[in-house]
Amino acid sequence: MSQATIATAQPEHPPRETEIEEIVVTLPHGHRRSEIVAGTTVLAGEDLDRSVATTIGDTLANQPGIASTGHGPGAGRPVIRGLGSQRVRVLQNRIDSLDVSITSPDHAVAIEPLLAERIEVIRGAGTLIYGSAAVGGVVNVEDGRIPNALPNEGFNGAVRTLFGMNAEEKNGAAKFTKSLGNFAINAQGFFRDTDDFDIPGFALSRRLRLAQPDTPNSHGTVRNSDVDVSGGSVGGSYIWDDGHLGVSFGLRDDNYGVPGEPEETIRVDSNQWRLEVGGELRREMFLFDTARTRFAYADYEHKELEGTEVGTRFDREGWEGRVEFLQAPWSNLEGVVGIQLSDGDFSSVGAEAFVPPSDTLRVSLFVVEEYAIGPYSLEGGLRYEHQDTKAQPLGSDSTSFDRGIDGVSFSLGAKRTFLDDYLIGATFGRTERLPAPEELFSNGPHLATLSFERGDPNLDKEAALSVEATLRKQYGRLRGDLNLFYYRYEDFIFEQRTGELEDGLSVFQFRQADAELFGGEFVASADIIDHRLFEGVADFQLDYVHAEQVDNDRALPRIPPLRITVGAEADSEQVHGRIEVQWLDQQDRTAELELPTDDYYRLNLGLAWHPFPNKYDLTLRLDARNLTDSKGRNHVSLLKDRVPLPGRDIRLSFQWKL
């Protein structure tokens with residue numbers, strides 16, 4: 001099946017028994033979602049079209065257990081169950097995004113949601129094939145830039161345009177795949193342009209205004225929040241009966257404002273070029289029947305502008321590659337073994353270079369196995385990882401740093417299916433994460449986050465024990481998922497405000513402490529109308545996480561609050577409509593020197609029209625986000641008290657699949 005469309009049209013209501021269930025391609029054996037023990041999210045089709053935003057984090061921010069770092073419309077990275085940064089891997093076609101988004105929340109992820117065909121979020125044993133650091137989860141964005149099959153009838157594609165009223169957002173995207181004999185050629189591109197976004201009321205929170213009454217404030221609009229982004233790629237594959245081999249080359253340019261600094265305009269101007277190679281061979285090879293490889297090399301440059309002057313420049317040149325061998329099924333046992341290699345040169349230059357130049361090499365070996373006996377199934381994963389980091393620390397200590405460190409992680413899981421459409425399961429794991437360069441060596445001012453960051457070169461690796469239980473009902477008039485989790489960390493690494501000031505900025509220090517996180521997600525839907533002309537579905541979603549230090553019961557910083565979403569939708573051959581209300585509780589369990597956040601709600605409406613369902617695949621969408629113009633703040637964001645969430649936004653989009 002070709003992957004040349006922007007968003008494959010699929011029914012928005014949950015799958016019924018007669019429908020084909022989605023395959024989670026991020027996992028090596030392509031499991032069906034209903035077969036996966038841990039919580040899994042797949043965003044595709046009209047669900048993806050309705051959710052798409054300016055960043056990957058904001059696109060996923062309404063999914064169960066997921067929030068966004070939300071550093072303005074230009075930068076937002078996913079946070080899963082209160083875990084972000086180094087503990088969540090963000091992949092493009094199963095390879096790292098190879099940008100600098102992991103070093104700071106104001107740095108954008110160099111992946112475009114407009115071109116995504118599907119976004120998958122996985123947890124559990126399967127994450128070990130992508131990294132021991134991914135205890136929070138793995139986010140994989142598939143954009144189809146390397147075709148893996150010849151398109152039907154020799155050609156397919158899609159074009160999409162969107163206009164949003166709030167920030168006068170204008171964007172467009174197009175992608176096409178053409179077959180030439182055994183070759184498939186793919187081309188895709190996009191652009192996005194927005195102005196400053198509108199808000200209800202003042203930009204600064206009431207608590208911050210009381211604490212800092214002399215801080216300049218704005219009303220009705222968030223200054224310096226505009227975005228200008230464009231990019232594209234070309235690629236091609238040679239495809240034969242037993243596999244494919246392809247290559248692609250892509251470019252991306254970002255220019256966006258970083259809101260929140262009242263006295264100086266800070267912008268980010270970044271660009272990346274990325275080369276990808278990917279292939280698959282399906283043939284018996286001793287114990288294996290499939291071999292897969294994926295490789296990417298990228299050169300990323302990121303400039304932070306203070307007015308017209310370049311304050312700091314970040315550069316990352318690096319590569320990542322992986323080879324997987326899928327075992328031929330043997331006596332109910334299947335699995336995957338592989339190797340992953342990566343190397344990255346990072347540097348920052350300028351008066352506010354808070355992270356020193358570093359080179360990090362990682363070598364990893366992994367294996368994931370699954371054994372099935374009737375309705376029962378056992379799965380396990382094991383990963384060994386070696387990291388070697390070289391750096392020249394900033395500040396008075398000029399001693400060079402060269403440190404090698406090893407980590408071993410494992411995961412075990414069990415599940416059972418019963419009554420045809422129920423699954424119950426549990427997973428247990430222990431992961432070791434190696435400290436990142438920014439956690440070890442940061443030492444300098446960072447105006448974009450209004451902070452002075454200090455690392456600690458003596459940080460040890462952190463270890464996490466995780467337990468997750470799952471109950472799922474996949475089919476029938478009533479469907480649902482319940483996932484409960486518990487994480488216990490030794491030497492959890494986090495960034496804490498100290499109360500000190502340096503260069504007029506709040507000092508944030510990387511520290512370690514034992515910590516625990518627990519909570520869960522509950523999602524349910526029910527068929528409420530089954531008429532010959534249309535179908536109606538009601539749904540409910542709840543997620544919650546509690547996170548604290550073990551020794552003093554103090555909350556960890558920037559943990560999302562309880563969230564509840566109630567929705568209903570109706571679907572016919574030509575029209576699909578949805579209404580939902582989302583409520584987020586106040587967050588008053590805060591870290592030291594962290595301000596609480598008030599509760600808020602949002603009302604969202606959506607209407608999709610397919611005018612020619614049996615002739616042309618056209619879709620017109622009208623979406624109203626935050627229809628009541630409610631004021632809210634994202635507790636996960638460092639800018640929550642300076643930059644509220646956008647106000648009312650009416651969005652009109654058009655999509656045509658060819």
Side-chain angles (χ1 to χ4, degrees), residues 69 71-72 74-75 85 100-107 203-205 207-209 211-218 223-225 256-270 302-315 346-358 391-399 401 436-459 493-511 557-558 591-595 637-643:
T69 54
H71 212 82
S85 186
V100 297
S101 64
I102 208 167
T103 64
S104 180
D106 68 297
H107 300 170
L204 300 186
S205 70
R207 293 181 177 90
L208 186 60
R209 294 199 303 270
Q212 302 177 15
D214 296 330
T215 302
N217 201 355
S218 62
R223 189 177 68 88
N224 192 38
S225 60
Y256 58 90
V258 180
E261 171 55 55
E263 299 178 354
E264 190 165 10
T265 299
I266 300 174
R267 300 192 64 80
V268 170
D269 184 6
S270 67
H302 171 115
K303 292 180 288 188
E304 294 191 356
L305 307 174
E306 299 171 14
T308 59
E309 300 295 325
V310 177
T312 310
R313 191 182 75 190
F314 298 87
D315 293 284
F346 171 85
S347 67
S348 60
V349 179
E352 296 170 14
F354 65 96
V355 184
S358 63
Q392 186 73 29
L394 299 171
S396 58
D397 183 7
S398 59
T399 304
F401 182 95
E438 57 272 15
E439 296 169 331
L440 295 167
F441 310 125
S442 292
N443 186 21
H446 193 196
L447 278 183
T449 60
L450 302 175
S451 63
F452 190 100
E453 301 188 27
R454 290 178 181 165
D456 183 352
N458 297 313
L459 292 176
I493 301 172
F494 64 102
E495 199 174 12
Q496 185 175 55
R497 181 177 299 200
T498 66
E500 304 173 55
L501 291 177
E502 189 157 341
D503 294 343
L505 299 170
S506 297
V507 174
F508 285 78
Q509 173 73 53
F510 282 100
R511 292 176 173 170
R558 297 185 292 282
E592 190 174 357
L593 302 177
E594 182 183 40
L595 293 176
S637 173
L638 274 173
L639 300 181
K640 69 181 181 66
D641 289 294
R642 296 177 179 270
V643 180

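In this chain, residues are counted from 1 in sequence order. In this text, all values refer to a predicted model and were calculated from it rather than measured experimentally.
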- Query: Given side chains that start at C-beta, do those of Leu638 and Arg558 come closer than 4.5 Å, heavy atoms only?
  - Reply: yes
- For residues Glu304 and His107, determine if any side-chain heavy atom of one lies less than 4.5 Å from a side-chain heavy atom of the other. yes
- Query: Quick one: does Lys640's side chain have a donor or acceptor within less than 3.5 Å of a partner on Leu595's backbone?
  - Reply: yes
- Query: Got Asp456 and Arg511 here, is their nearest side-chain heavy-atom distance under 4.5 Å?
  - Reply: no
- Message: Ignoring hydrogens, what is the shortest heavy-atom contact between Ala203 and Asn217? Give both atom names and the distance.
- Response: N-OD1, 3.4 Å
- Sorted by chain and residue number, the side-chain hydrogen bond (donor to acceptor under 3.5 Å, both in side chains) partners of Gln212 (sequence neighbours excluded) come out as Thr215
- Taking all non-hydrogen atoms of both residues into account, name the closest pair between Pro557 and Phe494 and its distance. CD-CD1, 4.1 Å
- Item | Asn224 side chain to Val258 backbone, donor-acceptor under 3.5 Å | yes
- Where is the tightest heavy-atom contact between Leu450 and Gly260, given as atom of each residue plus distance? CD1-O, 3.8 Å
- Query: Just by modelled atom types, is the Gly455 backbone N or O under 3.5 Å from a matching donor or acceptor in the Gln509 side chain?
  - Reply: yes
- Of Glu500, Glu438, Glu495, the one forming a salt bridge (Lys or Arg N to Asp or Glu O under 4.0 Å) with Arg454 is Glu500
- Item | Residues which pass side-chain hydrogen bond (donor to acceptor under 3.5 Å, both in side chains) with Ser225, listed by chain and number, not counting sequence neighbours | none
- Closest non-hydrogen atoms of Ser85 and Ile102, given as atom of the first, atom of the second and distance, are OG-O, 3.4 Å
- Note on the structure: Val507 and Leu501 have their tightest heavy-atom pair at CG2-C, 4.1 Å
- Message: Please report the interatomic distance CG(Leu204) to OG(Ser218), rounded to the nearest 0.5 Å.
- Response: 7.0 Å
- Note on the structure: Sequence neighbours excluded, the answer for side-chain hydrogen bond (donor to acceptor under 3.5 Å, both in side chains) partners of Arg209 is none
- Distance in Å, Ser451 OG paired with His446 NE2, rounded so as to fall on 0.5 Å steps: 7.0 Å
- Message: Within the 4.5 Å heavy-atom criterion, are Phe510 and Ile493 side-chain neighbours or not?
- Response: yes
- Item | Working for side-chain contact (heavy atoms from CB on, under 4.5 Å), residues Ser270 and Lys303 | CA-CA 6 Å; Ser270 67; Lys303 292 180 288 188; over 6 Å; no
- With the side chain counted from C-beta on, respond yes when Leu305 and Arg313 share a heavy-atom pair under 4.5 Å apart, and no when they do not. no
- Item | Separation of Ser101 OG from His302 NE2 (nearest 0.5 Å) | 10.5 Å
- Main-chain N/O of His71 paired with Thr69 side-chain donor or acceptor, under 3.5 Å: no
- Which pair of heavy atoms, one from Leu639 and one from Pro259, lies closest together, and at what distance? CD1-O, 3.2 Å
- Task: Mind telling me whether Phe346 and Phe314 have parallel, tilted or perpendicular rings, with 30° and 60° as the class edges?
- Result: tilted
- Message: Quick check against the 3.5 Å criterion: does Asp503 have a side-chain atom that pairs as donor or acceptor with the backbone of Leu505?
- Response: no
- Item | Test log, rule side-chain contact (heavy atoms from CB on, under 4.5 Å), inputs Glu306 and Thr265 | CA-CA 6 Å; Glu306 299 171 14; Thr265 299; over 6 Å; no
